Colleague: 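Pasting in a structure now, in C-alpha cells, and then I'll have a few things to ask.
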Amino acid sequence: MTESVRVRFAPSPTGYLHLGGARTALFNWLFARQHGGVFILRIEDTDIQRSSEQMVQGILEGMRWLGLDADEGPFFQSWFVEQHRAAARKLVEEGKAYYDFTPKEQTDDRTLKAKIVDRARAQSRAGKEPNPFRDLPLEESLRRVEAGESAAIRLKVPEQGLSRFEDDVYGAQERDYSDIEDLVLIRSDGHPLYNLSVVVDDIEMRITHVIRGQDHLTNTHKQVLIYQALNAPVPRFAHLPLIMAPGREKLSKRKHGEVVSVTTYRDRGFVPDALVNFLALLGWSPGSDQEIISRAELIEKFSLEAVNKSSAIFNFNEKDPRDWTDPKALWMNGEYIRAMPLDELLPLVGDQLKQFGLWRDEYESTSREWLARTIEVLRARYRTTQDFATLGRPYFSDEFEYDPEAVRKNLKDERLKDLLAGLANRLASLADFTHNAAESALRAYAEEQGVKPGLLINAARTALTGQAVGPGMFEIMVILGRDRTIERIRRGAAHTGTL
RNA sequence: GCCGCUAUGGUGUAAGUGGUUAACACGCCGCCCUCUCAAGGCGGAGAGUACGGGUUCGAGUCCCGUUAGCGGUACCA
C-alpha cells in the first residue's frame, strides 16, 4: 500500500500573506493536486506575542482569493502544545534528551542577531564546551525538576558522524553533527520550540512531503534528528529558492510593504489566475517556452525536480506608480484580462467600479450589454481591472479630468472652437447614431471645412474623454451615445485655447 | 568566525546523459497597422554563461580554487 501524498502550508501569522509565502503555498497545493493528495493548512501561532487574529484572517483571505483551498485545516499549532511537551518528556525518559539547568540568558532583541553571531564566533574559535548536564543521571534530573528548579529540555545530538538527507530540489545534503549544537526542545518556562513543534505536528498529520522555503534547509538536519529520536518515518523534503527584492535583498514585509502583500494584488485589480501563473514561474519553469499556463496545466506539469535552486528577484520599482509591481506580472495580468471569458472579467471589473463609486445598478439589468461591450472595447489596453475605474473613468462617469497634456496636443488649434461646434450640430442631425454614420458625417464635414479628418478625430477624442489615448474614436462615440457625445464635444469646444 | 546553498543579458527562465553563430518571455528601441494609445505582426540593441585554473578533440554543462550574494548558526519562527 502506498501512502498517499499529504503536504502542508504552515505560515506563522506574524504578518499578512506575502508573495514568498503564497508561492510556497501554491507549490504545496500544486503538488497535492497533481498527486491526488491532501493539502493541509496549519497556522503556526506559537509565538503568541507576534501572532494576531487579524493576520490569521489575512492569510486565509489571501489563500481563498488565490484559489488555494485546503483540504484539512486550518489547524492551529497552539492546540497541540501538550503533545509537544509529552514528546519531549518521552525523549528525556528514553535518554535521548536531557534537562539543562543552566540559567536562561537574558536577550534583548535589539542586538540579537549580533549576539548570536558573536556567541557562535567565540564558540567556533574556542571549540564547543560539552554541556555539563548532558550526562546527569535521570533520577537526579527528575528530582531537581520536581523540587521546582527550572530547566530547558535539550536534544542529545551525536558527537560524531554525519547527518544526511536527500532534498527533492537541492539534492544530497550533508552536515557534520559536530556543527549542530544540542538544540533546545522546550524552554525553561515550558514553551515548546519551533523545531520540536513542527516535527511533532508533521508526524501527527502524517505529512509525506515537507515543501518550504530554503531558509529552513540547514535546520532540516536538526528536524531529521528529532524524527529519528521519536522513531518516526522521516518525510521527504523539498526546499524552495527564496524570492528576493531588487538588489538581492530579502523580501521583507516591513521594508517593502504593500507590494509584497497578496491582498494588494487583489485590491489593485489582479486576476487570481494571473498572479498564480506569475508566481509559478518564479523559481520554476515547465521546461518549454510557454509563459501563459492555466491552473489545470500547472497541476499537470509541475514537478519539484524542475524547481530552480537559485533565488529569484521580484523586480518591482517602488518609485513608478504605473509600474508599481513587476512589469512581467503586469503584462501577464493584461494577457489574462484580454484572454479570459468576458463573463469572468465582468464581475472583477464590477468590483473595481463599485470601489470607485462608479457602479450603477442597471449594469446588471438594462445596461448589461452596454457594460459588456464597453469592457470588450477597453480591455485590450488595460493591465489591471482597476485601470477600468481609473483610466476608464470617462466611460463610466461624466465627472472626469481633462488631461492638460492631451488638451495641449489636440485642442489647442484655434479653429477647433467653431469646428467642434459645427461637428456637434452635424452629429445632432444624424438619423441613426451609429459608428459608420458618425464616421461618414465627420469625414464629410472635415472635407467641407478643408481640414484633415485626423484633426477633428483627435480633438473629439480629447473632448469626449479628456485623454489623448484610447479606443477608436467612433467606438467611443457609440459607447457614450449621442447625447453625451454631443454635450461633451460642445464642452470640449469651450476648452479650446484654454491652455 | 564556522557550516551550508547559489551564480546564464536589466528581470524571469531554456539550453535531455558535455557537441555547430547561447534560445524564449518581460522590459527597452524601431518599423508596420492606424484617428491616438494599446493589442497584434515584424525587426533591433542587450549575456559569451561571476572570476581563475584544470579535464576533454570539444564545457554554460564535469572537477578544483577564488569572489560575491543568500541562508543558518537563538530558551525566534
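Nothing here was measured: the structure is a model prediction, and the numbers come from that model.
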Colleague: Answer yes when A/Glu376 and A/Arg373 have at least one side-chain N-carboxylate O distance shorter than 4.0 Å, and no when they do not.
Modeller: no

Colleague: Is A/His216 stacked on the base of B/G71, with ring centres under 5.5 Å apart and planes under 30° apart?
Modeller: no

Colleague: Looking for any heavy atom pair under 4.0 Å, which part of the strands does A/Arg383 touch: base, sugar-phosphate only, or nothing?
Modeller: nothing

Colleague: Within the structure shown, what part of the strands sits under 4.0 Å from A/Pro471 by heavy-atom distance: base, sugar-phosphate, or nothing?
Modeller: base

Colleague: Just to be sure I understand the rule, does A/Ile116 reach a base, reach only the sugar-phosphate, or reach nothing, if contact means heavy atoms closer than 4.0 Å?
Modeller: base

Colleague: Which nucleotide sits closest to the side chain of A/Asp326: B/G12, B/U11, B/A74?
Modeller: B/U11

Colleague: Can you tell me, in whole Å, how much space there is between the P of B/C32 and that of B/C62?
Modeller: 47 Å

Colleague: Looking at every strand, decide which applies to A/Pro103 at a 4.0 Å heavy-atom threshold: base, sugar-phosphate, or nothing.
Modeller: base

Colleague: Check nucleotides 2-6 of chain B for protein N or O atoms closer than 3.5 Å to its own N or O atoms and list the pairs.
Modeller:
unit_1: B/C5; atom_1: O2'; unit_2: A/Gln214; atom_2: NE2; d: 3.3

Colleague: Describe the nucleic acid contact of A/Lys250 in one word from base, sugar-phosphate, nothing, applying a heavy-atom distance below 4.0 Å.
Modeller: sugar-phosphate

Colleague: Heavy atoms only, 4.0 Å cut-off, all strands: where does A/Met244 land among base, sugar-phosphate and nothing?
Modeller: sugar-phosphate

Colleague: Step through the shown structure and confirm whether more than 12 heavy atoms of other residues, nucleotides or ligands are within 6.0 Å of CD on A/Glu149.
Modeller: yes

Colleague: Applying a 4.0 Å non-hydrogen cut-off, can you work out what A/Ala468 is touching in the nucleic acid: base, sugar-phosphate, or nothing?
Modeller: base

Colleague: For the side chain of A/Pro327, counting heavy atoms from C-beta on, which of B/U36, B/C75, B/G27 is nearest?
Modeller: B/G27

Colleague: Would you mind telling me which of B/A14, B/A25, B/A77 lies closest to the side-chain atoms of A/Ser285?
Modeller: B/A14

Colleague: For A/Gly283, answer base if it contacts any base atom (sugar-phosphate contacts may also be present), sugar-phosphate if it contacts only those atoms, and nothing otherwise; contact means non-hydrogen atoms under 4.0 Å.
Modeller: sugar-phosphate

Colleague: Taking the nucleotide of RNA chain B with the nearest heavy atom to each, does A/Thr46 or A/Asn308 sit closer to the 5' end?
Modeller: A/Asn308

Colleague: Quick one: which of B/G12, B/C37, B/C35 gets closest to the side chain of A/Lys328?
Modeller: B/G12

Colleague: Centroid separation under 6.0 Å, is that true for the rings of A/Phe133 and A/Tyr98?
Modeller: no

Colleague: Pick the nucleotide of RNA chain B nearest each of A/Lys222 and A/Met473; which residue has the one closer to the 5' end?
Modeller: A/Met473

Colleague: So, are A/Arg187 and A/Asp189 salt-bridged, with charged N and O less than 4.0 Å apart?
Modeller: yes

Colleague: Ignoring the backbone of A/Asn219, work out which of B/C35, B/C24, B/A77 is nearest its side chain.
Modeller: B/A77

Colleague: Please check if the distance between the ring centroids of A/Phe27 and A/Phe302 is under 6.0 Å.
Modeller: yes

Colleague: Which value, in whole Å, describes the distance between the C1' atoms of nucleotides B/G48 and B/U20?
Modeller: 15 Å

Colleague: Please measure how far the P atom in B/A50 lies from the corresponding atom in B/A14, and state the result in whole Å.
Modeller: 15 Å

Colleague: Given the P atoms of B/A15 and B/G60, what is the spacing between them in whole Å?
Modeller: 15 Å

Colleague: Let's see if you can work this out: which of B/U73, B/C37, B/C76 has an atom nearest to the side-chain heavy atoms of A/Val469?
Modeller: B/C37

Colleague: Would you call A/Arg42 and A/Asp202 a salt bridge, taking side-chain N to carboxylate O under 4.0 Å as the test?
Modeller: yes

Colleague: Under 4.0 Å between a side-chain nitrogen and a carboxylate oxygen: does that hold for A/Arg461 and A/Glu475?
Modeller: no

Colleague: Give one of base, sugar-phosphate or nothing for A/Glu335, where a contact means two heavy atoms less than 4.0 Å apart.
Modeller: sugar-phosphate

Colleague: When you compare B/A23 with B/A45, how far apart are their P atoms, in angstrom units rounded to a whole number?
Modeller: 11 Å

Colleague: Hey, does A/Glu181 reach any base, or is it just sugar-phosphate, or nothing, if we go heavy atoms under 4.0 Å?
Modeller: sugar-phosphate

Colleague: Check whether the side chain of A/Arg248 and the base of B/C70 form a donor-acceptor pair under 3.5 Å.
Modeller: no

Colleague: What is the distance, to the nearest angstrom, from the CG atom on A/Leu391 to the P atom on B/A38?
Modeller: 12 Å

Colleague: Counting heavy atoms from C-beta on, name the nucleotide in B/U36, B/C75, B/G12 closest to the side chain of A/Asn458.
Modeller: B/U36

Colleague: Any ion pair linking A/Asp323 and A/Arg383 (charged N to carboxylate O, less than 4.0 Å)?
Modeller: yes

Colleague: Can you tell me if A/Arg426 uses its side chain to pair, donor with acceptor, with the backbone of A/Ala441 under 3.5 Å?
Modeller: no

Colleague: With C1' as the reference atom in both, quote the distance from B/A22 to B/A68 in angstrom, rounded to an integer.
Modeller: 24 Å

Colleague: Using atom C1' in both nucleotides, what's the gap between B/U61 and B/C3 to the nearest angstrom?
Modeller: 27 Å

Colleague: Choose from B/U11, B/C26, B/A77 the nucleotide whose nearest atom is closest to any side-chain atom of A/His191.
Modeller: B/A77

Colleague: Less than 4.5 Å apart, side chain to side chain, heavy atoms only: is that true for A/Ile375 and A/Phe388?
Modeller: yes

Colleague: Does a side-chain N or O of A/Arg187 approach OP1 or OP2 of B/C76 to a distance below 4.0 Å, or not?
Modeller: yes

Colleague: Side chains of A/Asn333 and A/Tyr265: do they bring a donor and an acceptor to under 3.5 Å?
Modeller: no

Colleague: Please tell me which of the listed nucleotides, B/A77, B/A39, B/C35, lies nearest to the side chain of A/Ile457?
Modeller: B/C35

Colleague: Kindly say if A/Arg119 contacts the phosphate of B/A74, meaning a side-chain N or O under 4.0 Å from OP1 or OP2.
Modeller: yes

Colleague: Please report the distance separating the P of B/G9 from the corresponding atom of B/U56, rounded so that it comes out in whole Å.
Modeller: 29 Å

Colleague: NA contact type, A/Glu291, heavy-atom cut-off 4.0 Å: base, sugar-phosphate, or nothing?
Modeller: base

Colleague: Does the pair A/Val200 and A/Phe80 meet the rule for a side chain to side chain contact (heavy atoms under 4.5 Å, CB included), with working shown?
Modeller: CA-CA 9 Å; A/Val200 171; A/Phe80 311 116; over 6 Å; no

Colleague: Only Watson-Crick and G-U wobble pairs with both distances less than 3.5 Å should count. Give RNA chain B in dot-bracket notation, marking inter-strand partners with |.
Modeller: (((((((..((((.....[...)))).(((((.......))))).....(((((..]....))))))))))))....

Colleague: By the 4.0 Å heavy-atom rule, please label A/Thr102 as base, sugar-phosphate, or nothing.
Modeller: base

Colleague: On the six-membered ring of A/Tyr99, is A/Arg144 placed so that its NZ or CZ lies under 6.0 angstrom from the centre and within 45° of the ring axis?
Modeller: no

Colleague: Since syn is defined as within 90° of 0, does B/G4 count as syn or as anti?
Modeller: anti

